[in-house]
Protein chains: 2
Amino acid sequence: MAALTPAAADSDKRYAAATMAEPKPSTKDRIMDAAIETLKADGITGTSARAIAGRGDFNQALIFYHFGSVNNLLIQAALRNSKSQVERYGREAQGISSLADLVGLARRLHGDDLQEGSVAVVTQMMAGAANDPDMAEAMLDAFQRWIQVVEDGLGDALEGSPLAAMLPKREAAYAISAMFLGIQLMTRLDPDRSEADSLFDMMDNMASMFEGLFPALDG
Amino acid sequence: MAALTPAAADSDKRYAAATMAEPKPSTKDRIMDAAIETLKADGITGTSARAIAGRGDFNQALIFYHFGSVNNLLIQAALRNSKSQVERYGREAQGISSLADLVGLARRLHGDDLQEGSVAVVTQMMAGAANDPDMAEAMLDAFQRWIQVVEDGLGDALEGSPLAAMLPKREAAYAISAMFLGIQLMTRLDPDRSEADSLFDMMDNMASMFEGLFPALDG
DNA sequence: GTCTATACAGAGATAGAC
DNA sequence: GTCTATCTCTGTATAGAC
């Protein structure tokens, strides 16, 4: 589960540099980091060039020099993050061998993500995507990667079960991804954020039920 | 909170007047209508007092006179719409008697809603809710009404089935609502908007399967 | 590649005439 | 209750010095 460094940074470049002594982030990466942080903290309406530059402590004009526009910066930052997210999720999904495992993983990722705020960023970008086709395309791209991870995990979870033949994996993965997204969004609105817990409990029970009804043929 | 001005004539009055000859909307209602339309068309980032006023063809200052701030206008408009939505959804959900019915209804509502754009508004408001607690509260309120409708529909669909005893309805309703929301959001990103169809097909099959496994005891 | 300075459009909001 | 006019702030974006 462990990343290479605790500083587990996001961009490809930083991963490449993570083995070296000083993974000093490039300016572009610093700007993208600040953009994501601003999105998390202030939402899409508060994410201006000035706000981003203030948070990252660099000059506002750098955004336009490096990315041309604020929206393009957000798109690039989202794509960068989504790729590293999918890598991480994919790694986490290794070794899944049952639906119960899958639910357990989802529960844990939900908790982590609620802390970290990746889906909060998604919400903000999705809102921004409404009047920016390029941003919509980037979000769609991100979702498709995500669904693929779920589909793979589902394949592992159902291997050897008769359910594997009955369940269209692509559609199921789409449904699960949609649900996960929806749960995150709703949970974020709730100040005490408790309802999702019992939901995952329910899914645990459902998973047990399914696996009781359709026991795996092999391991 | 109370209606100090006579024009506090809320949407309720307008709906009540719908049976009369001329249901001429109040100014407040016209402003709220324009706000919703602007949210659909231009997203939260494009929804300014000027944009709303331009779309509804009234003076910008009226927004501040009647609602105090743009954000408060959005909150009031969202609450008004969510209430009427829930009424409508509740009506549609009457007469559900099976899971297949429920899926059918969901499919139809998905289609309608994709046209009409209610969930598009939700997306935008949710993004706005990130840095406005009042807006978050309003959205949470709206979601809870929605979940209640689903819970009721689920109760009707499972009446007489052994599933009714096995499935915690509140949690299931929460999960279904979350999934519906997620599907809407994802679908909106996709230019050709096709993936949801096969998803509803899958849910149809799942519903049949469930109802084959757990046949209703009575009608 | 980074900074300062600045242009200019659009934002929210209010005052005061009508 | 509605309008015009205006204040002030913040937004994106660019020019040009370093």
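Each chain gets a letter, A, B and so on, in the order the sequences are listed, and its residues count up from 1. We use all heavy atoms of the structure for the numbers below, so side chains are in, but hydrogens, waters and symmetry mates are not.
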Side chain of B/A61 (C-beta onward), nearest among C/dG12, D/dG11, D/dC3: D/dC3

For atom CG of B/N59 and atom C1' of D/dT6, their distance in whole Å: 13 Å

Closest non-hydrogen atom pair, B/S118 against B/K40: N-CE, 4.5 Å

Nearest-Å distance for atom pair CZ/P, residues B/F67 and C/dA13: 14 Å

Selection from C/dT2, C/dG12, D/dG11 that lies nearest to any side-chain heavy atom of A/H66: C/dT2

A/D42 CG - D/dT10 P separation (whole Å): 13 Å

Distance in angstrom units between A/D29 CG and C/dG1 P, rounded: 13 Å

Among C/dG12, D/dT2, D/dG11, the nucleotide that comes nearest once only the side chain of B/T27 is considered: D/dT2

Pairwise 5' ranking along DNA chain D for A/Y65 and A/R50, keeping only the more 5' one: A/R50

Given D/dT4, C/dG1, D/dA13, the nucleotide with the shortest approach to the side chain of A/S69: D/dA13

N/O donor-acceptor pair under 3.5 Å between A/Q184 side chain and A/A120 backbone: no

Proximal nucleotide (of C/dG12, D/dA13, D/dC3) relative to the B/V70 side chain: C/dG12

Worked verdict on B/N81 versus B/M125 for side-chain contact (heavy atoms from CB on, under 4.5 Å): CA-CA 12 Å; B/N81 271 27; B/M125 296 281 300; over 6 Å; no

Salt-bridge contact B/K24-B/D29 (side-chain N to carboxylate O under 4.0 Å): no

For atom CD of A/Q60 and atom C1' of C/dC8, their distance in whole Å: 13 Å

Side chain of B/L62 - closest among D/dT14, D/dC3, C/dT2: D/dC3

d(CZ, B/F64; C1', D/dC7) in whole Å: 13 Å

Side-chain N or O of A/S48 closer than 4.0 Å to phosphate OP1/OP2 of D/dT10: no

